[in-house]
Amino acid sequence: MVDFKFSVFTAVAAADAGEASLVDVLTRALPAAPGRWRVGRSGIWCSVVPEGAPRRQQGWKLHVSATPASAEEVLERASRVLLEAGSAFKFAASVDFVAALNARNTSRGHSGKFITVYPESDAEAVRLARELHEATKGLPGPRVLSDRPYAPGSLVHYRYGAFVEERRLTNDGFYTWTIIDPDGKPVEDRRAGRYTPPSWVTSPFPDNGPQSTRRTRDSGEIVLGERFAVREAIRHSNKGGVYRAVDRRTGDPVVIKEARPHVAADLEGRDTRDRLRAEARALERLGGRGLAPRLVELFPQGGHLFLAQELVQGGPLREWAAERIVEAGWGDHLGTATEMARRLVELMSDAHAAGLIVRDFNPNNIMVRPDGTPVLIDLELAVADGEDGPLRSGTPAFGAPEQLGGAPPHASADHYSLGATLCYLFTGSPPYLLDEHPPSRPPADRLDEWLTARTQGLEFPEHLRAMVLGLMADDPGRRWTTDRARDALAAPNARGARGPVDAESPWLRETVERAIEGITDELLASMDPDAANALWPVSCVHGAPDPCTLQQGAAGCLGALVRCSRLTGDPRLPEAIAAASRWVRARMADGTNRPPGLYFGSAGVAWSLLDAGLETGDERLVEDAVALAGTLPAAVASPDVTHGTAGLGLTALHLWARTGLAAFAERAEAAADALLGTVEEREGGLVWSTPADVDSKLAGRSYHGFAHGVAGVGYFLLACAEATGRDDCRAFAVRVGDALLDAAVVERGTAMWGAGAGDAPTAPYWCHGASGIGSFLVRLGAATGDARFLEAAELSARAVTGHAWRAVLGQCHGLAGNGDFLLDMAELTGDDRHRAAAWRLGRTIVAARAHRDGRLVLPDEQGEVSATWGDGMSGMLGFLLRLRYGSPRLWTVEAAAATAVGGAS
């Protein structure tokens, strides 16, 4: 008897014809299957489990790959084998999901896994692998890189791993999948882009011979095509590697690009190999013109396709522009950029004259030779004029809307990409504007506002603005051509007709107020108190974070809403704060062993819940927050603010200020004692390092910055000294300041720091750079009266304002965190120049807004919509609230001091 349980995905299937086709395969097969089956849906997966079957925790599992074109037939053949065997399995529930699993840039450790099978024993695993191999033989599908193929060319692969989702949180606050070793200890179930079984297991599968056939060795060298000696891998991705090599016939350096079979395949079976062939044809068409690398050879090896081409000396336009903005200064870069713009216009004009439509003209796909000549690279999407090419292709922010939507190739789409590339060249930022639905403003108006905000203070010439807007016109038929762009660039280089909007002007204040209201609307609408896994949507490229944390979970969003409630009195917020607090409390009681840290652990959750309870008058919530904080250690092995002792000390100071409980004063002092006891004296001054034996990505490292380094430790020691009167903490804070002054790179009137000793200066962000370090130095200067620290903070602020062209908007690595530092400077020095600079950053942030269903969204670091504090909208909201209404910086002890409740508990 068959037990159908389709309620979870019936509506989804009806809405997605691609998904319905794969679900229908299962529905057709189930009635003939023996026994009862439970069918369910979680995320992209449809699971099929025999009722009452035992489930192993771990073992040898199977993966079967497919392409979008072959997925239905692969599933039909495989499901017959698996249902007859009574074996549990899951499959990607739609053709679109199959395409996503096989995409060019999908993680190499997860790509290609269309069907996952969970055999009940090793013997069953071997038997099922053989039967699935025979059933799917001859069908196309990519190699699963984390597994070993059952046989050469087989769609069936195997690896040893977890069968059930047993996860643990690392010390860094991210989930990792675990399996149990022979000693009964949990170890990470690594899903890398290569087959790496645990050392203690023995494969039950027959040996199918050597697995790597695409390379041969000659005299110790890796040789491709019996001609090219590989020197190093430039990068690896799901579509294949890119290698630096030497042509053994000529001695010339070359770049070799690899295309793996069946990766990024479409419904017609075209895959990355077809794109590489298209690039070879484009290079042939441009041969001898100096517009692109010289084609050397296109050749197959081991079923893969390789393209060898001339190695172009120089660097990508993206890096060229950023380096010159940093070297010359934002405003002084304009002359150099205008000359490069002329060269880029000629480059596109010459490519079109050669009969080529580029279709992916962007700063990553243009190399700049040492003499300044731009050259086209990565011409995988290029087609001859009049030919068809892959639809829905291009790079977001640089691809024309109609091209990204599937329109046939046309030169006008290249003109849009040229305009977007020039936009990046002049501003240092990609013109990325999120989609709106329904559209609230014409795209041209949004782009004009964005460009105006990004060129504040540049005296940007009006004819260059008109050129960029003309090339990127909404109507493809009205876009400027390269001839018209050439004429505009020949005009006299008169400087800008539009001056900056005055800081705190009525228009800008009203715009920021509307942005605050729109972000709040979005946070309220996207909060899902019934969700099991995440209260708000999260975009994180670093892994799966704990959904409760400050940096990337609910605590950060909750803290921003609490601040919003306090400053705006929005009547909707108390109920939302209460609902979010209930979700966080329930999740914190799930038995997970969490790290204690401020930004990536339980300390930040306690801080956020306490503030929520005090804001809403919920005494029970306050008690729970105090109890949670009471379980935290005073110190841990990591010294820093985000994960370690300094952050725990700040949390204790905050709890003491807001509750008056002396126990938290004792904890703060204990944290200070631990830090003073673990400091190292080195030639460069004081150093705190995360011990090498700590399970953390920070292990063995020491840093300068606020998040992970000595600046954050110094900030806590200074705060502890201010709160307790401890002179030893103040003295060590001063020594930290001295060490940071010694490590500063002072050039062109700015101060910058490397991530650690010996590192080149980083961008001036809160995490590692001048923004976070300056936040400590200005407080140290204000507390001690030492002009050296105030001067260094001023130089840090100049670095921040000089880098206002950087695109990211968030707190950790972006303009919101930098704006908070500028507000720190204004409040602690009384210099309103810094407040005006913060308003300019606020204007840049709100210019990137998009309206969706009456609400407002802003892009995170990945160009997605995320609610998080570190890189998403909560962190931006925190800055905009402080900018508009004036308030202490969130997650600092000043916030507690400004709202202290004395001795109340």
Side-chain angles (χ1 to χ4, degrees), residues 2 26 29-30 32-39 45-66 74-91 109 112-139 141 143-166 177-192 194-211:
V2 180
L26 179 66
L30 274 172
R36 294 171 59 91
W37 294 81
R38 298 178 63 85
V39 179
W45 302 106
C46 176
S47 60
V48 189
V49 182
E51 199 163 85
R55 192 76 182 271
R56 292 201 293 172
Q57 296 290 108
Q58 61 193 55
W60 290 96
K61 61 202 303 189
L62 308 178
H63 291 111
V64 184
S65 68
V74 169
L75 180 59
E76 183 176 354
R77 296 187 188 185
S79 61
R80 286 200 298 264
V81 172
L82 297 171
L83 292 173
E84 179 63 30
S87 183
F89 65 99
K90 69 179 182 181
F91 63 91
K113 298 175 179 179
F114 169 43
I115 302 174
T116 304
V117 185
Y118 304 98
E120 293 183 8
S121 66
D122 289 359
E124 183 185 6
V126 174
R127 179 176 62 81
L128 287 176
R130 181 178 63 253
E131 293 180 9
L132 288 169
H133 169 67
E134 294 297 329
T136 60
K137 189 182 296 185
L139 296 177
R143 165 81 182 273
V144 177
L145 295 175
S146 65
D147 296 22
R148 187 169 190 180
Y150 176 76
S154 179
L155 300 190
V156 182
H157 303 72
Y158 58 83
R159 68 179 292 268
Y160 190 93
F163 280 25
V164 296
E165 296 185 347
E166 291 292 338
W177 304 109
T178 61
I179 52 179
I180 304 302
D181 71 10
D183 296 327
K185 298 178 180 178
V187 296
E188 184 177 355
D189 180 12
R190 296 186 180 275
R191 293 143 191 221
R194 62 187 184 279
Y195 176 64
T196 53
S199 59
W200 68 83
V201 300
T202 301
S203 170
F205 297 91
D207 186 355
N208 55 38
Q211 294 300 302

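Numbers for residues simply follow the sequence, beginning at 1.
A donor-acceptor pair under 3.5 Å is absent between the side-chain atoms of Asp183 and the main chain of Lys185, judged by distance alone. Judged by distance alone, the side chain of Arg56 and the main-chain N or O of Glu120 form a donor-acceptor pair under 3.5 Å. Side-chain N or O atoms of Arg77 include one that pairs as donor or acceptor with a backbone N or O of Ala135 at under 3.5 Å. Counting only distance, with no hydrogens or angles, the side chain of Asp189 and the backbone of Ala162 share a donor-acceptor pair below 3.5 Å.
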Item to complete: Given salt bridge (charged side-chain N to carboxylate O under 4.0 Å, His left out), test Arg80 with Glu84 step by step and report yes or no.
Response: CA-CA 6 Å; Arg80 286 200 298 264; Glu84 179 63 30; over 6 Å; no
Q.
Using the rule given for side-chain contact (heavy atoms from CB on, under 4.5 Å), can you reason through Val187 versus Trp200, listing the C-alpha separation, both sets of side-chain angles and the distance that settles it, and then say yes or no?
A. CA-CA 12 Å; Val187 296; Trp200 68 83; 3.7 Å; yes
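By the 30° and 60° cut-offs, the orientation of the rings of Tyr150 relative to His133 is tilted. Taking the six-membered ring where the residue is Trp, Trp60 and Tyr160 present perpendicular rings, their angle passing 60° and hence far from 30°.
Side chains of Lys113 and His157 form no contact here, defined as non-hydrogen atoms less than 4.5 Å apart. The side-chain heavy atoms of Pro119 and Leu62, taken from C-beta on, include a pair separated by under 4.5 Å. Within the 4.5 Å cutoff, the side chain of Asp207 has heavy atoms near those of the Arg148 side chain. The closest side-chain heavy-atom distance from Phe89 to Leu83 is below 4.5 Å.
Here the closest non-hydrogen pair linking Leu75 and Phe114 is CB-CZ, 3.9 Å. Considering all non-hydrogen atoms of both residues, Val144 and His63 come closest at CG2-CB, 4.5 Å. Nearest heavy atom pair, residue Leu26 against residue Cys46, reads CD2-SG, 4.0 Å. When every heavy atom of Arg159 is checked against every heavy atom of Ser146, the shortest pair comes out as CD-OG, 4.0 Å. Smallest separation of non-hydrogen atoms from Tyr118 and Lys61: CE2-CE, 4.1 Å. Between Ser203 and Tyr158 the shortest heavy-atom distance is OG-CE1, 3.9 Å.
Residue Arg190 places its CZ atom among 12 or fewer non-hydrogen atoms of other residues, nucleotides or ligands, all under 6.0 Å distant.
Between Arg130 and Glu134, no side-chain nitrogen of the basic residue sits less than 4.0 Å from a carboxylate oxygen of the acidic one, so the salt-bridge criterion is not met.
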